[in-house]
Amino acid sequence: MAELGVNIDHVATVREARRTHEPDPVWAAALAELGGADGITIHLREDRRHIQDRDLDVLRETVSVKLNLELACDEGVLDLACQVRPDQATLVPEKREEVTTEGGLDVVSNRDAVARAVDRLRDVGIDVSLFLDPDASQIELASQLGVHAVELHTGQYALAKGEQRQQELTTLVAASNQIIGLGMALHAGHGLNYQNVTPVAAIASMHELNIGHSIVSRAIMVGMERAVREMKALISK
Ligand code: PXP
């Protein structure tokens with residue numbers, strides 16, 4: 001069965017909306033672990049729009065499952081990653097203006113920068129995964145760089161409807177076979193939710209799924225009634 005990495009970035013997004021101390025992604029990580037998360041995933045973006053340096057430091061101390069840090073090939077964030085040493089680093093592309101990670105890393109066009117980042121992370125003992133579109137030339141190059149895993153970008157699959165979704169799934173399966181054939185671990189993520197996750201989880205040798213937005217969204221919904229009840233109880237005291 002595929003492992004579940006719970007991406008808690010959007011807990012920090014709510015906190016940063018008020019620049020206050022709650023909700024704390026550190027608490028969310030502990031609760032996710034209680035729920036059975038096999039890993040905790042955070043993206044320390046160059047613009048620090050959600051996860052902050054403090055979160056990375058505290059989570060390194062408190063997370064007892066795999067800590068997976070998503071990061072761009074940015075020297076400052078790479079320095080932090082090498083100091084803090086998460087269990088795994090997933091290299092992703094990053095654009096300041098984007099709402100979320102829009103596509104996979106283009107290793108073909110940025111080979112030197114990606115290779116340098118991979119070497120820096122691997123030299124301090126961090127497993128490295130590359131977040132890639134299901135594209136044969138990108139996957140081939142990932143293997144040449146000696147990374148531990150490839151995380152397939154499932155965004156196109158998640159956006160597609162009807163027959164198109166089936167085609168996107170076929171593309172993901174072909175890319176998955178290539179990744180496994182090249183001896184790398186198979187991960188996937190982005191846009192996966194309660195409606196579309198099952199066929200991706202069923203891909204042979206799927207090792208890790210990283211899911212954030214839909215789990216945080218669901219957590220808000222299943223927690224709302226209790227949260228209101230608790231506030232009413234305090235008001236009525
Ligand atoms: N995997 C990677 C590499 C990502 O960048 C993201 C988004 O931060 C995810 C998985 C999770 O995507 P979502 O929030 O859509 O579940």
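Each residue takes its place number in the sequence, starting with 1. Counting starts at 1 for both ligands and their atoms, following the listed order.
Only the side chain of Glu151 comes within contact range of ligand 1, with a heavy atom under 4.0 Å; no backbone atom does.
Among all non-hydrogen protein atoms, the one lying nearest atom 2 (C) of ligand 1 is Glu70 OE2, 3.0 Å. Scanning all protein heavy atoms for the shortest distance to atom 12 (O) of ligand 1 gives His190 CA, 3.4 Å. Gly212 N, 2.8 Å is the protein heavy atom nearest to atom 16 (O) of ligand 1. Regarding atom 11 (C) of ligand 1, its nearest protein heavy-atom neighbour is Asn210 O, 3.8 Å.
Residue His213 approaches ligand 1 through these ligand atoms, each under 4.0 Å from one of its heavy atoms: 13 (P), 14 (O), 16 (O). For ligand 1, the atoms closer than 4.0 angstrom to any heavy atom of Ile211 are 16 (O). The atoms of ligand 1 that sit less than 4.0 Å from any heavy atom of Asn7 are 8 (O). In the vicinity of Val92, heavy-atom distances shorter than 4.0 Å reach the ligand 1 atoms 3 (C).
Although no hydrogens or angles enter the test, the distance criterion places a donor-acceptor pair under 3.5 Å between the side chain of Arg165 and the main chain of Ala160. No donor-acceptor pair under 3.5 Å is formed between the side chain of Asn110 and the backbone N or O of Ala113.
Counted by atom type alone, Asn68 and Thr41 present one or more donor-acceptor pairs between their side chains at under 3.5 Å.
Considering backbone and side-chain atoms together, His10 places no N or O closer than 3.5 Å to any N or O of ligand 1. The distance criterion of under 3.5 Å between nitrogen or oxygen atoms is not met by Phe131 with respect to ligand 1. Residue-to-ligand polar distances place Gly191 within reach of ligand 1: an N/O pair is separated by less than 3.5 Å.
Salt-bridge formation is detected for the pair Asp79/Arg120: a Lys NZ or Arg NE/NH1/NH2 atom is positioned less than 4.0 Å from an Asp or Glu carboxylate oxygen. Salt bridge present: Arg54 and Asp24 bring a charged side-chain N and a carboxylate O closer than 4.0 Å. In summary, Asp119 and Arg122 engage in a salt bridge, as defined by a charged side-chain N under 4.0 Å from a carboxylate O.
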**OP:** List the steps, then state whether side-chain hydrogen bond (donor to acceptor under 3.5 Å, both in side chains) holds for Gln88 with Asp127.
**Re:** CA-CA 5 Å; Gln88 177 174 284; Asp127 283 342; over 6 Å; no
Residues Arg49, Glu16; criterion side chain to side chain contact (heavy atoms under 4.5 Å, CB included); working and verdict
CA-CA 7 Å; Arg49 68 172 70 157; Glu16 295 308 309; over 6 Å; no
